[in-house]
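Notes follow the structure.
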Amino acid sequence: MLQFLRYLGQRVGGAIATVFAGAIAVFLIMKAAPGDPAMFVLGDFATQQSIAAFRARHSLDQPVLTQLWLWLETVLAGNLGESVSLYAGRDIAQLIGQRMPSTAFLGIYALLLALVSSLVLGTVAALQRGRTADAAVTLFAVVGISMPDFWLGYVLVLAFALTLGWLPAYGFTPPGESLTGALVTGLLPALAIAAPLAAVFSRILRVSLLETVERDYVTAARSMGYNEAFIFINYVLRNALIPFVTIVGLQVRYLLGGVVVIERIFGVPGIGSLMVDAAFARDYAVVQACALTFLVIVLTVNLIVDLVCVLLDPRRSH
Amino acid sequence: MGTRIDGLEGGRRAFLQAIGAGVLANAALVPLAWAAETKTLRAAITGYTVIGTLDPAVVKSISESMTLWAIFNALVKFDEKMTIVPDLAESWAVDGNAWTFKLKKGVKFHDGSEMTADDVKFSLERLRDPKTESPYKSKLDAVASIDIVDPYTVKITTKEPFAPLLTFLTNTRTGTQIVPRKAVEAMGAKEFGQKPVGTGPFKFVEYIPGQKIVLEAHKEYFVQSEPKVDRAEIALVAQETSAVNAILAGNMDLSSSAPFADVPALKKNAKIKVSSMVGLNYRYMELNNKQAPFDDVHFRRAVSMAFDRQSLVEVVLFGEGAPANGLIPPGIPAAYDTTPRKTNTFDPDAAKAELKKSKHPASMPVTVVTFGSSWWKRWAEVFVDQVNNTLGTQLKVEVTDDNGARTRIYANNIQAAVWGYLGFIDPDEYMYEICHTKGSRNNRGYSNPELDKLLEGARREMDVAKRGALYKKAEAIVAEDVPVISCFSNNAHNLWAPRVSGFVPLPYSAFGSQFGGVSLSS
């Protein structure tokens, strides 16, 4: 147990350091790109004077490192600051709070769709290795991995909204407004995100199952006369799930990236679209806050994945 | 190995059956939900995702303008023939420097108060007050005083005759929409921008960031027959294609634009109505007149004659536009110059001859900045390719985003860049602002005193035809100097669902201002 706690402590410490290093990297990269929040706010009517006044008001005329320090001060004070250009004057934590439920809902929705379908497909493919079902799952996986998610998004709209008329082509009801509405309006975007994930997951599970099935301990278990279902669940599946869970955890990054594109196609008011809008508006603090949020999510998920793996295989805490 | 775990067969089948049942159950849930409400107009403003403020004095983006055109009125407005007609003003008269506007009586703001001369004076003086930080301040620089003659009469006196004034008092990108003095003073400007109160056909209800703006009918709107719907919801849709799909699927009624490439196919589709007309916009190549190679008029002329504007329209806009013959677009007929100009015409031999006169060699590396994806990028690529083929020059494209390009153009930190303006209606907004030495859109270091004098004179000329002739003279000077390279005007499009009637397309991107007349069948 002590060992486990020490392991946990190391991981959390490393994660916090990574979050800050990541946020600073994002800040410096943003600053290196041309652009100015004043241009977003002042638009077609910007003049040299109004640009200069805007820059002075928001400390944008200070050296980059000073600006970085100002931002770090704000964050260390437990605050995410205020939007400068995109939603000028609004509290960033509040902006993220408003957007979080939609992104989280869509991400979890897509992940569940991907997990359920890949567990089914991966198991079927492994059990039917070399037969038609296996070939069909492989075909699905190749197609799924090859299709860009935005393209798939439009194909789904063509099929389910324009041709069949079952689902809306655009618009998303946030889960806070109506859960049923979110489930229905979120189905197409969730499917577009889930399909490539399901393709990867089912391949990994198939391979992992096939490898595990040939392990000595499975043969040993079988020699002890356990029935096949018991062996499959307790010996094969449990061990095969370790690489599967690891891959699922790693794909959360893809999930967040995919959400950004899909959110824009379907008009989902989530963190992904907030971050893209903020980047175009050069609203540095908002981009930073979104990046922090993403980093925290990815690292938390990775931590959970590692802990789940430890639970599945206690030897891993060493 | 497969055979040994065949014992699972039964369980697996049951599991798959359960999944199948789940899918069917989901499918059964789906169809009912979006029977469209007949009385809510669902409109999409495309290409934008954010509204910062709806205070007419300080809005900047076209998406904000489009939204507030449904909420506010100005003294006058343009009709579909681009003639200025009364709006809040019943009539007007101009006598030298004095403009007298008679206001309509009984016009109600959304808060129930009556709109009077006091509100008009307040709204316009706000723009002129430096504390407002209005981007439209310069539009009223020529004004000397604004006086209340009686509660329904306002007199605006200019320092000298100022012809563009009437255009600047329309419900366009001018900031001159009329706001209620009491409400603005009570709320403060910042809050007013979040809770705007106007006289228009629609009242502001709420703005849900990332989703939509919700408006409801103004029951006491002074045009008795309008609005014809109960509510209007304006969605900010990032992708044009999403709006097209939403109309085709019946989730949207109206869109502010259409993807150029899809227009021909959409025109044949019975599920959608398409309007297409030459728009009031100007797309051009911005040039740094202070830096090599475009500091040299011969190099500028050579490049301007080295590409075919018509083929640019075909390839970049899929034919949805018109080649530019100068700065002022064909949508302003009185000032539109039809005289063929040598430097705006594709002529490879003349181009090569001009290049020979240039102090810069063809081999000089030149970067053309463009941004985003879609047609802006395609435009730069096709342009660069044509010019290089004609002249053997070394132009290349550099891609950034809208913000990056704008920052660099305003700081004159470019050699060349694709650029343009949309929604401006007075010839002064094109010619003076882009080419006068003190023009607010002239950051390139171009200056020609002869042209400046002509443009100042055009501001004072009150006769429309005579004023138009002055702009044509200005076009001749610009065609000699080539401070920028005129390329084309793109068509303005609107899309709407078959259940929509009464939507009157206008060439100046007036989206929002027409919502009052729109009705919906079920």
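Nothing here was measured: the structure is a model prediction, and the numbers come from that model. No hydrogens, no waters, no symmetry mates; every other heavy atom, side chains included, goes into these values. Chain letters run A, B, ... following the sequence lines, proteins first, then strands; residues in each count from 1.
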Legend entry - Residue A:Phe280 excluded, over 12 heavy atoms near CZ under 6.0 Å: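 Counting other residues, nucleotides and ligands, CZ of A:Phe280 stays at 12 neighbours or fewer.
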Inset, instruction - Count the heavy atoms of every other residue, nucleotide or ligand shown that sit under 6.0 Å from CG of A:Asp216, and state whether that count exceeds 12. - result: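 No, the 6.0 Å shell around CG holds no more than 12 heavy atoms from other groups.
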Report which part of [X] has an atom under 4.5 Å of a heavy atom belonging to chain B: side chain, backbone, both, or neither.
X: A:Ala281; answer: backbone
X: A:Ala161; answer: both
X: A:Phe40; answer: both

Picking from [options], which has the most non-hydrogen pairs under 4.5 angstrom with chain A?
options: B:Gln239, B:Lys190, B:Lys212; result: B:Gln239
options: B:Thr407, B:Leu422, B:Asn403; result: B:Asn403
options: B:Asp402, B:Thr241, B:Thr400; result: B:Thr241

Can you tell which part of [X] gets under 4.5 Å to a heavy atom of chain A, answering side chain, backbone, both or neither?
X: B:Tyr421; answer: side chain
X: B:Asn443; answer: side chain
X: B:Glu433; answer: neither
X: B:Gln194; answer: side chain
X: B:Phe371; answer: neither
X: B:Lys271; answer: side chain
X: B:Arg441; answer: side chain
X: B:Asp401; answer: side chain
X: B:Arg408; answer: side chain
X: B:Tyr48; answer: neither

For residues [X] and [Y], report the shortest heavy-atom separation together with the two atoms involved.
X: B:Met252; Y: B:Ala235; answer: CE-CB, 4.2 Å
X: A:Ile231; Y: A:Ala221; answer: CD1-C, 4.1 Å
X: A:Leu113; Y: A:Ser117; answer: O-OG, 2.6 Å
X: A:Thr123; Y: A:Phe232; answer: CG2-CZ, 3.8 Å
X: A:Leu209; Y: A:Gly122; answer: CD1-O, 4.0 Å

Inset, instruction - Ignoring hydrogens and angles, tell me if any N or O in the side chain of B:Tyr430 forms a donor-acceptor pair with the backbone of B:Phe424 under 3.5 Å. - result: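 Here the side-chain-to-backbone pair exists.
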Inset, instruction - Classify the side-chain pair A:Thr103/A:Glu263 by whether it contains a donor and acceptor separated by less than 3.5 Å. - result: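 The criterion, which ignores hydrogens and geometry beyond distance, is satisfied for A:Glu263 and A:Thr103.
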Legend entry - CD1-CG distance between A:Ile262 and A:Leu106, expressed to the nearest 0.5 angstrom: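 A:Ile262 CD1 to A:Leu106 CG: 8.5 Å, rounded to 0.5 Å.
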Legend entry - Spatial distance of atom CG (A:Leu183) from atom OG1 (A:Thr173) [nearest 0.5 Å]: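 Answer for the CG-OG1 pair, A:Leu183 versus A:Thr173, is 10.5 Å.
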Inset, instruction - Using the ring-ring contact (aromatic ring centres under 6.0 Å, His included) rule, collect all pairs that involve residues 260-279 of chain A, keeping only residues at least two apart or in two chains. - result: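 Pairs touching residues 260-279 of chain A that pass the test: none.
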Legend entry - Pairs of heavy atoms under 4.5 Å with chain B: top-ranked of A:Tyr170, A:Phe172, A:Phe160: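 With the most close heavy-atom pairs to chain B, the winner is A:Tyr170.
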Legend entry - Residues in residues 56-68 of chain B that sit under 4.5 Å from chain A, counting heavy atoms only: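 Within residues 56-68 of chain B, near chain A: B:Lys60.
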Legend entry - Among B:Asn412, B:Val369, B:Ile409, side chain to side chain contact (heavy atoms under 4.5 Å, CB included) partner for B:Glu286: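 Answer after filtering B:Asn412, B:Val369, B:Ile409: B:Ile409.
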Legend entry - Among B:Ser257, B:Ser242, B:Ser255, side-chain hydrogen bond (donor to acceptor under 3.5 Å, both in side chains) partner for B:Thr46: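 Answer to the side-chain hydrogen bond (donor to acceptor under 3.5 Å, both in side chains) test with B:Thr46 among B:Ser257, B:Ser242, B:Ser255: B:Ser257.
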